[in-house]
Protein chains: 2
Amino acid sequence: MGTKPTLQSLASTLGVSRQTISNVLNNPQVVQASTRDRVLAEIRASGYRPSAAARSLRSRRSQTIGLRIRPAVDGINGSLMDAFLHAVVECSQRRDHRLLLITATSDEQESSEQAALHTTGAIDACVLTDTHRDDDRPSALLDAGVPFVAFGRPWQDGPADHSWVDIDGAAGTRLATEHLLGLGHRRIAFLGWPEGSGVGDDRRAGWRLAMADAGVPAEDLALGVLDQRTDDGVVEGTQAMERARRAAATAAVCASDSLAVGASTVLRRATTAETARTAVVGFDDTPVAAALGLSSVRQPVADAASRVVDLLIERLTAPDADPRTAHPVHDLLTPELVLREFDPRLDQHAP
Amino acid sequence: MGTKPTLQSLASTLGVSRQTISNVLNNPQVVQASTRDRVLAEIRASGYRPSAAARSLRSRRSQTIGLRIRPAVDGINGSLMDAFLHAVVECSQRRDHRLLLITATSDEQESSEQAALHTTGAIDACVLTDTHRDDDRPSALLDAGVPFVAFGRPWQDGPADHSWVDIDGAAGTRLATEHLLGLGHRRIAFLGWPEGSGVGDDRRAGWRLAMADAGVPAEDLALGVLDQRTDDGVVEGTQAMERARRAAATAAVCASDSLAVGASTVLRRATTAETARTAVVGFDDTPVAAALGLSSVRQPVADAASRVVDLLIERLTAPDADPRTAHPVHDLLTPELVLREFDPRLDQHAP
DNA sequence: CTGAAAGCGCTTACAG
DNA sequence: CTGAAAGCGCTTACAG
């Protein structure tokens, strides 16, 4: 093997300056084609790779993005962030950037860890996920001068002073509700979370709007009637659906697949198996929904990830990199409804 | 704010050499206590953080570990790697190391990507997961000179020339089987995957040994009798359990929670609800098992992650860092059995 | 289009 | 215990 090739060693081998090689790598169009080809051939032959540290030290860019990973509380819904994470890595890699993971036990710790990494130059920017009401992270990062893009809109009022990408949950539940209305259902319950979570309220809003548009009277949409609220979970979904059944619900749009799985067991008992499946729509299109044959709202997470990375890199490579001048971009992506067929194999144990 | 502090600027402020500050950071014991305190105070006050790039360029260590992330095929079983990933990040961070994520579509691509990152100095080492029979990655990384530790033993024969940490699946299924034997079951099926996957065969082996020790005749343990093999999945678990029932099985040890969830629906029908739950044991102790009240074998993934990171950093900081001289370490951790109680709320829809 | 110079901010030897 | 020197391997100006 010998020693690892450097710009220096390559340059003497080729009889050109280090400079030229650097240009071939970073500004190919500025180098004469014949020289470029000769250099590229030697780079390939020698297995030369520029030192990340040296490049980063000189250019003041690490080409690295930070992201906080959270422990999966719920194996069912966790797969969404999993898909997002995977897509972010893939997009970053394709664009010659790297993804660095951090953990934290609080938002404050997350912000300060990201800021610390940014100060050392280990990351150029970071991605924020799981935004929520009164989220302190955007202002903390803005203050610390850490460029970032959020996956998730800011849920409190006021103008957003940062870029974000989100998925339009209300559009998703609207689709789901309209689908059930189209099947002839009128008393369609919404099984969702207690008020106060931005994501949950957003999903409820889509159902409510679709129902109102269809002329369902407001008193039926009231809390405790077709509007059922509960913590997330399979058992909770079953219980909420039982309450909705007492309000004569024949179908349900759910804020999560966990709730939908729970709800489907009630409907399965109550009607024919086929009706049961088609009368519940979950959210997130998790593998569990697929396994059980439940329809679900699919969030375009890969698109969201790709957009987040695009915005981040755009911001980092912008000629005017001043975050105060760059105006924030907001992107709301529309989910799609995944309809599933009744799977007879699954129903061997149904009544 | 002004400009970002550097060793240089701190040194002139304090009237010491850059050197001394560097020593305070990297070899505190070598600096006089009074000087050290003065320097530390100024570091804190100024918010100084050493440049990762400069440090890495000079020391030839990036304090960064690479890991390939895979898309979750199955939301149920994916949470295991999720927990592992989280623990690896946490341990690395605690030990002043960072975790870099990569994606790949093949093992070859993974190895070459890790080797490339190692050549640029972006990572010092990497973690291998999901080892399998005829895994080419260890030799590829060894050839490329990339230090690594595997989470998962090498499943082919021959001496392992690299360090690994794994969880003793056979010990887990043995525990599960002995538990069911203790409850009075004799005809305990094993629902597992087709032969050839190291992990799956290992789990089957534990059941087989425990059954043989209990004096269950070999013909009952035969393939197609109590030994049922199938692809992973809920539906597959149900089907496999139905076949096992025809061989008069009253209980089952499963290679995964997905299979256990499927199996439990069969037993639920067949016996009392309580028996059903206690007569199935899953594997991985996923949130789904917890939600459904299924007993399961819990893998100590956090311990495994911690051990992997320890070994990796040990290897990196060893005075003799030559991988050929350092003898490989092998660690097999023992899982534990998580027993769950019957949850009556869940059984409202049982016959 | 190509090259000689400077310097990014550290740590690693080594001398006092 | 402390300091002056060298240099890690690049890229960014700038001059030809």
Here the ring pair (Phe, Tyr, Trp, His ring centres under 6.0 Å) pairs for residues 122-156 of chain B, sequence neighbours left out, are B/Phe84-B/Phe151, B/Phe148-B/His162
A/Gln29 CD to C/dC1 C1': how many Å, rounded? 12 Å
Working for side-chain contact (heavy atoms from CB on, under 4.5 Å), residues B/Ser111 and B/Gln114: CA-CA 5 Å; B/Ser111 304; B/Gln114 301 281 25; 5.9 Å; no
Please list, chain by chain and in numerical order, all residues satisfying side chain to side chain contact (heavy atoms under 4.5 Å, CB included) with A/Gln63, sequence neighbours excluded. A/Arg61, A/Asp96, A/His97, A/Arg98
Modelled atom types, side-chain donor and acceptor of A/Ser34 and A/Gln32, under 3.5 Å: yes
Would you tell me whether A/Ser62 and A/Asp124 have side-chain atoms, one donor and one acceptor, within less than 3.5 Å of each other? yes
Residues in side chain to side chain donor-acceptor pair (under 3.5 Å) with B/Asp130, at least two apart? B/Arg70
In 5'-to-3' order, the base (B), backbone-only (S) or no-contact (-) status of each nucleotide in nucleotides 9-16 of chain D, using a 4.0 angstrom heavy-atom cut-off, is BBBBB---
Secondary-structure notation, DNA chain C, from Watson-Crick and G-U pairs under 3.5 angstrom (| other strand): |||.||||||||.|||
Touch check for A/Thr35, heavy atoms < 4.0 angstrom, all strands: base, sugar-phosphate only, or nothing? sugar-phosphate
Just do the side-chain contact (heavy atoms from CB on, under 4.5 Å) check on B/Ile65 and B/Val88 with the steps written out, would you? CA-CA 10 Å; B/Ile65 297 167; B/Val88 166; 5.7 Å; no
Mind checking side chain to side chain contact (heavy atoms under 4.5 Å, CB included) for A/His118 and listing every partner two or more places apart, or none if nothing turns up? A/Ile123, A/Val146, A/Pro147
